[in-house]
Amino acid sequence: MAKQWRGVIAEYIDRLDIDRSAPVITLGEGGTPLVHAPVLAKLFGVNEVWLKVEGMNPTGSFKDRGMTMAVSKAIAHGARAVICASTGNTSASAAAYAAKAGIKSVVLIPEGKITLGKLAQAIAHKAHILQVQGNFDDCLVLARDLSENYAVHLVNSVNPDRLEGQKTASFEVFDNLGFAPDYHVMPVGNAGNYSAYFKGYLELQRDGFIKDLPKQLGFQAEGAAPFIAGHPIANPETIATAIRIGNPASWDLAMKAKEVSGGEFDTVTDAEILWMHRYLSNEVGVFVEPSSATGAAGLLKFAKLGKLPASAKIVITVTGHGLKDVGWALKDEHGEEVKPTSCSKNAAEVAELLGLERNT
Ligand SMILES: *Cc1c(COP(=O)(O)O)cnc(C)c1O
């Protein structure tokens, strides 16, 4: 019988900060595909590109890697409820893992800025959903305040257990390739994921598996780019809701990761994000939510600027599944809604409509 992937805690127990005897709340997260993408290597003019497809996690984003750790540890500490602020994916994940653990989840979402797919997930997993009159950053302040003063456990990425779980993605990249890429590229919001990959690669280096750290390239949306501004932004704006963050929680960790890895932060426009979002689904066969296309969009910008060596081997993390935010996929490049073409039940007519040649 084929063996099933057991989730990141069981697979990497000897490299995670958790007791062997601790309860494990898992939905089988991790073990996501590393998809070879020669089409992208050609587009960027580099040697090799792979996509780490994190939309294949149980709730459709990388957040599950950290949530299995955070909720398992919350249970070990006797927590009966977890809370998070969320632009959508953290709440979907927290709600699912809390449901699995049999405890309550509370999610604080910014008014009107969460996609329907993600909201549906939080509702499906019976979270207590509160829409806060404020943006994500306000929600996080409130979640921290409640968790410090009331019996509810915070599972945002300011909780170090989240990054500890998320670092397993670096281990998987190394386990799959047998080496570390020259560059590792991803979108940056709170910068928890960017910091977690760095943690993972640093441990691989410490343990003698890799010599050099991948240069980590982190891209933010132009309207929500505090790392490029050099300070928090009061009113972040972008269609990429998962990275619509003005005051990144992992600021210091991310700055260190950038410096030590020899990486860079830069911005892309919403138009560049949407172009790459379409390109990935049209040409690579990988459907992601718009935020998740930000890393690849940034790489295209760098390629056009001549910043990428032809020898480069690159891994791009695509962070969340396309089904979470279908609105953008349902429009063409001019913003017009795409509708299926109506047709009759007659094969000859349909063949003509499709321009099919008759078999000879
Ligand atoms: C959370 C999230 C991000 C941003 O990750 P950070 O750790 O906040 O930088 C990017 N894309 C998706 C789909 C996400 O869910």
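The structure presented is a predicted model; accordingly, all values stated were derived computationally and were not measured.
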Do you know which two heavy atoms are closest between Ala79 and Ile103, and how far apart they sit? O-CG2, 3.8 Å

Beyond-backbone contact of Leu16 with Thr168, side-chain heavy atoms, under 4.5 angstrom: yes

Tell me whether Trp50 is reachable from Val286 by hopping between hydrophobic residues (I, L, V, M, F, W, Y) whose side-chain heavy atoms are closer than 4.5 Å. no

Answer yes or no: does atom CG of Asn235 have more than 12 heavy-atom neighbours from other residues, nucleotides or ligands under 6.0 Å? no

Cation-pi check, Lys331 onto Trp328 ring (under 6.0 Å, within 45° of axis): yes

Just verifying a value: how many Å separate Thr90 OG1 and Leu140 CG, rounded to the nearest 0.5 Å? 10.0 Å

Audit row: Asn57, Thr32, side chain to side chain contact (heavy atoms under 4.5 Å, CB included) steps and yes/no: CA-CA 7 Å; Asn57 276 296; Thr32 56; 3.6 Å; yes

Looking only at side-chain N and O atoms, does Thr267 offer a donor or acceptor that is under 3.5 Å from a partner on Gln220? no

Are any of the side-chain heavy atoms of Glu333 and Leu274 separated by less than 4.5 Å? no

For the residue pair Ala151 and Ala81, what are the closest heavy atoms and their distance? O-CB, 4.3 Å

Where the side chain of Ser281 meets the backbone of His277, is there a donor-acceptor pair that is under 3.5 Å apart? yes

Taking all non-hydrogen atoms of both residues, which atom of Ala242 and which atom of Ile245 are closest, and how far apart? O-CG1, 4.4 Å

Is Val288 reachable from Val188 through a run of I, L, V, M, F, W or Y residues, each pair having side-chain heavy atoms under 4.5 Å apart? no

Among pairs that include at least one residue of residues 285-310, which meet salt bridge (charged side-chain N to carboxylate O under 4.0 Å, His left out), considering only residues two or more places apart or in two chains? Lys118-Glu289, Glu264-Lys307, Asp266-Lys301

Got Lys52 and Glu172 here, is their nearest side-chain heavy-atom distance under 4.5 Å? yes

Within a 6.0 Å radius of atom CD on Glu352, are there more than 12 heavy atoms belonging to other residues, nucleotides or ligands? no

Between Glu54 and Arg65, is the closest basic N to carboxylate O distance under 4.0 Å? yes

Contact check, side chains of Leu217 and Leu299, non-hydrogen atoms, under 4.5 Å: yes

Going through the distances and angles, do Asp212 and Tyr201 end up as a side-chain hydrogen bond (donor to acceptor under 3.5 Å, both in side chains)? CA-CA 9 Å; Asp212 299 317; Tyr201 282 123; over 6 Å; no

Under a 4.5 Å cut-off applied to non-hydrogen side-chain atoms, are His153 and Asn159 in contact? yes

Output for pair (Lys324 NZ, Thr115 OG1), nearest 0.5 Å, gives 7.0 Å

Establish, for the pair Arg162 and Tyr97, whether the NZ or CZ atom is under 6.0 angstrom from the six-membered ring centre and no further than 45 degrees off its axis. no

Are more than 12 heavy atoms from other residues, nucleotides or ligands located less than 6.0 Å from atom CG of Leu116? no

Look only at the side chain of Ser292 and the backbone of Val318, and say whether a donor-acceptor pair between them is shorter than 3.5 Å. no

Does the side-chain hydrogen bond (donor to acceptor under 3.5 Å, both in side chains) test come out yes or no for Thr238 and Asp270, once each step is laid out? CA-CA 6 Å; Thr238 170; Asp270 280 1; 2.6 Å; yes

Once you measure the plane-to-plane angle for His184 and Tyr197, does it fall in the parallel (<30°), tilted (30-60°) or perpendicular (>60°) bin? tilted

Show the nearest heavy-atom pair for residues Ser91 and Cys84, with the distance to one decimal. CA-SG, 3.8 Å

Exam field: side chain Glu272 to backbone Thr269, donor-acceptor pair closer than 3.5 Å: yes

Quick one, Thr26 with Arg6, criterion side chain to side chain contact (heavy atoms under 4.5 Å, CB included). Give me CA distance, side-chain angles, the key distance, then yes/no. CA-CA 8 Å; Thr26 181; Arg6 295 166 298 163; over 6 Å; no

Measuring only between side-chain heavy atoms, which start at C-beta, is Ser61 closer than 4.5 Å to Thr319? no

Under 3.5 Å: donor-acceptor pair, side chain of His321, backbone of Leu323: yes

Which atom pair, heavy atoms only, marks the closest approach of Ser93 to Asp64? OG-OD1, 2.5 Å

Is the CG atom of Asn359 crowded by more than 12 outside heavy atoms at less than 6.0 Å? no

The test is side chain to side chain contact (heavy atoms under 4.5 Å, CB included); show your working for Leu40 and Tyr279 and say whether it passes. CA-CA 10 Å; Leu40 290 177; Tyr279 189 87; 3.7 Å; yes

Can you tell if the side chain of Gln166 reaches within under 4.5 Å of the side chain of Met69, non-hydrogen atoms only? no

Heavy-atom donor-acceptor pair, Glu29 side chain to Leu27 backbone, under 3.5 Å: yes

For the pair Ser195 (side chain) and Ala191 (backbone), establish whether a donor and an acceptor sit closer than 3.5 Å, ignoring hydrogens and angles. yes

Nearest 0.5 Å, please: how far is CG in Leu108 from CD1 in Ile129? 11.0 Å

Check for a donor-acceptor pair, side chain of Thr241 on one end and backbone N or O of Ile114 on the other, with a separation under 3.5 Å. no

In terms of hydrophobic clusters joined by side-chain contacts under 4.5 Å, are Phe44 and Leu280 together? yes

Answer yes when Asp182 and Lys313 have at least one side-chain N-carboxylate O distance shorter than 4.0 Å, and no when they do not. no

Which label fits Phe265 and Phe227: parallel for a plane angle under 30°, tilted from 30 to 60°, or perpendicular past 60°? parallel

For Asn135 and Asp138, indicate whether the former's side chain and the latter's backbone hold a donor-acceptor pair under 3.5 Å. yes

For side chain to side chain contact (heavy atoms under 4.5 Å, CB included), just list the numbers for Val268 and Thr294, CA-CA rounded to whole Å, side-chain angles, deciding distance to a tenth of an Å, and then say yes or no. CA-CA 7 Å; Val268 286; Thr294 304; 3.6 Å; yes

On a heavy-atom basis, the closest approach of Ser250 and Ser157 is OG-O, 4.5 Å

Starting from Phe302, can I reach Ile243 by hopping between I/L/V/M/F/W/Y residues whose side chains sit under 4.5 Å apart? no

Do Leu43 and Leu300 come within less than 4.5 Å of each other through their side chains, counting heavy atoms only? yes

Take Lys339 and Asp332 through the test salt bridge (Lys or Arg N to Asp or Glu O under 4.0 Å) and record every step on the way to the result. CA-CA 10 Å; Lys339 292 224 180 71; Asp332 67 15; over 6 Å; no

Contacts satisfying salt bridge (charged side-chain N to carboxylate O under 4.0 Å, His left out) that involve residues 194-208 (not counting sequence neighbours) are Glu164-Lys199, Lys167-Glu203, Lys199-Glu203

Mind checking whether Phe179 and Phe174 have ring centres under 6.0 Å apart? no

Phe198 backbone acceptor or donor facing Gln216 side chain under 3.5 Å: yes

Look at the side-chain heavy atoms of Ile, Leu, Val, Met, Phe, Trp and Tyr, link any pair under 4.5 Å apart, and say whether Phe171 and Phe209 land in one connected group. yes

Counting N and O atoms only, with roles assigned by atom type, does the side chain of Ser261 sit under 3.5 Å from a partner on the main chain of Ala257, one being a donor and the other an acceptor? yes

Under the salt bridge (charged side-chain N to carboxylate O under 4.0 Å, His left out) rule, what pairs show up with a residue in residues 222-249, not counting sequence neighbours? Glu237-Arg244

